[in-house]
Amino acid sequence: MTILVVAEHDNQHLKAATRHVLAAAEAIGGEIHVLVAGQHCAGVAEAARALPGVSCVRLAQSDALESAGAENMAALVVRLAPDYTHLLTAASASGKNWMPRVAALLDVAQISDIVRVDAPDTFTRPIYAGSVWATVRSADAIKAVTVRTTAFEALPETGGAACLETVEAGVDTGLSRRTGLALNASSRPELETARVVVSGGRGLGSAERFSALLEPLADKLNAALGASRAAVDSGYVPNDYQVGQTGKIVAPDLYIAVGISGAIQHLAGMKASRVIVAINKDPDAPIFAVADYGLVGDLNQVVPALTAAL
Amino acid sequence: MKVLVPVKRVLDYNIKARPKADASGVELAGLKMSMNPFDEIAMEAAIRFKEGGQASEVIAVSCGPQANQETLRTALALGADRAVLVETEVELQPLAVAKLLKALVAREQPGLVICGKQAIDDDANQTGQMLSALLGWSQATFASRIELGEGTALVTREIDGGLETLSIRLPAVVSTDLRLNEPRYATLPNIMKAKKKPLETLTPESLGVDIAPRLTLLKVAEPPARQGGIKVDDVAQLLDKLKNEAKVI
């Protein structure tokens with residue numbers, strides 16, 4: 001068995017997600033290669049060479065790959081696929097975007113968002129917003145898999161010494177091109193990799209109170225800020241704050257849910273957190289059923305008191 | 001330009017799914033089924049293009065058992081002009097659905113396919129991308145804004161950390177995210193009118209598509225349960241627990 005792990009990066013930094021995917025690859029077993037596809041990303045490839053357990057890093061660079069557009073990424077991965085039994089990448093916005101194209105072009109099923117490797121051909125994945133886990137076996141010659149990164153503990157950044165091979169990047173399909181990119185500027189840790197997440201719901205009541213109450217708390221804890229869908233839909237915070245079935249899946253050491261009732265769809269995104277704190281005025285809110293520590297009270301008083309006491 | 005909108009019949013989003021007693025699947029018997037919420041957003045987007053004069057016809061399509069007619073009637077009540085059901089009792093996986101949709105695209109020749117980014121039952125998030133690949137078309141997933149131009153579209157997509165705008169060549173497949181629009185409700189007069197709109201039924205065989213499942217479902221189970229914890233009385237006790245018991249701060 002030989003596994004190709006497609007790296008997650010922004011052409012400058014190798015993202016931690018890649019090391020979680022490597023852990024899934026290790027659980028499958030066999031030789032592991034890493035593909036770094038992008039433009040001006042040789043530094044990323046160097047970082048990937050140091051990853052433990054990787055025998056070879058394959059580097060493809062071109063303008064067409066700079067933004068990791070689905071059509072060009074898929075064409076590249078499909079061309080490399082015959083060398084492999086498994087293709088793995090993170091179930092991130094990027095991986096979800098291009099991996100199904102690869103699977104379709106190879107005429108194989110994709111196994112999305114795995115949380116467990118049961119055997120090299122058998123995987124467990126959450127369905128129905130994580131209410132149920134399904135275990136599926138693939139009979140396809142190549143397994144196209146996206147990995148829920150929070151379910152696999154990241155391998156260290158160093159310890160390996162992989163070879164480096166340059167591969168032909170391929171021609172631009174010309175089907176689409178990026179014309180704009182608006183990343184939210186934030187000095188906070190990334191939501192998906194933060195050790196502490198402070199998350200707010202509709203109970204905050206307004207965008208002003210969301211920031212006035214939660215930002216100082218997040219500052220004290222060096223935490224990322226998240227939100228329920230209700231808070232996003234109410235316009236308190238941008239879309240990419242959303243934690244849940246259709247948003248981000250997080251599993252920090254500490255998750256503090258403030259004014260979040262705890263709909264199934266939200267719990268799907270955070271219930272793998274190590275320690276969950278819930279602050280809510282409704283003692284019957286479903287969030288308390290998953291919280292390690294629940295505090296029933298008015299968030300307008302509790303949150304400033306907590307911030308002050310830290 | 002015709003717009004094709006695939007819609008899926010799923011367990012209503014308000015109902016918590018549970019495994020069957022024999023772990024062979026999810027219990028659906030007697031439970032409320034609805035149109036996949038992301039597909040409602042796709043329908044709304046297509047209908048608005050028609051209302052704005054940018055689409056000539058909106059065709060709703062669904063693949064699955066006869067009961068999917070209900071979902072298609074809902075689509076017709078929302079504003080689709082006509083509907084096509086590819087009827088089968090076989091369990092359909094995303095690759096099979098993508099192949100069926102490819103055959104329908106060949107028949108209908110739409111300029112745009114708008115689909116939900118994922119179905120809330122299998123949470124696969126695959127079908128739109130697979131369809132786009134099989135057609136050799138461009139794709140834009142997780143759309144929060146779509147602007148149609150001459151032969152191209154500008155689509156704003158939700159990505160990790162922000163928004164990306166793509167210029168894609170038409171025809172294309174676009175998948176919808178939550179923020180694209182707020183879907184309308186079907187009005188009673190429109191529900192009545194929908195009963196008279198055309199709903200055609202085809203079969204995978206008549207389209208010449210192999211829909212055999214590729215993945216074998218071995219079992220479904222409840223995820224590892226999370227133990228509920230305790231209620232603390234005040235901030236001081238909470239801090240004490242976080243510091244000395246959980247040791248996370």
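Below, chains carry the letters A, B, ... as their sequence lines are ordered, and counting in each starts from 1.
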Does any backbone or side-chain atom of [X] lie under 4.5 Å from a heavy atom of chain B? Answer side chain, backbone, both or neither.
X: A:E192; answer: side chain
X: A:V232; answer: side chain
X: A:Q301; answer: neither
X: A:D292; answer: both
X: A:T122; answer: side chain
X: A:A291; answer: backbone

Open item on the list: So if I take each residue of residues 239-249 of chain B and look for any heavy atom under 4.5 Å from a heavy atom in chain A, which residues do I end up with?
Closed with: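 Checking residues 239-249 of chain B against chain A gives B:L239, B:K241, B:L242, B:E245, B:A246, B:K247, B:V248, B:I249.
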For chain B, find which of [options] contributes the most heavy-atom pairs closer than 4.5 angstrom.
options: A:N97, A:V78, A:I127, A:I276; answer: A:N97
options: A:G297, A:G180, A:S67; answer: A:G180
options: A:L221, A:D140, A:I264; answer: A:D140

- [ ] Could you tell me whether the side chains of B:Q126 and A:R101 share a donor-acceptor contact shorter than 3.5 Å?
- [x]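 No - no donor-acceptor pair under 3.5 Å links their side chains.
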Open item on the list: I'd like to know if B:D177 and B:R145 make a salt bridge, using a cut-off of under 4.0 Å between side-chain N and carboxylate O.
Closed with: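 Judged by the 4.0 Å cut-off on N to carboxylate O distance, B:D177 and B:R145 do not form a salt bridge.
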Task: Residues A:R148 and A:D113 bridged, charged N to O under 4.0 Å - done: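 Answer for the salt bridge query: yes.
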Task: Minimum heavy-atom distance between A:T173 and A:N72, given as atom pair plus value - done: N-OD1, 2.8 Å
Task: Listed partners of B:E40 passing side chain to side chain donor-acceptor pair (under 3.5 Å), at least two apart - done: none
- [ ] Measure the spacing between CG of A:D118 and OG1 of A:T135 and express it to the nearest 0.5 Å.
- [x]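 The CG atom of A:D118 sits 5.0 Å away from the OG1 atom of A:T135.
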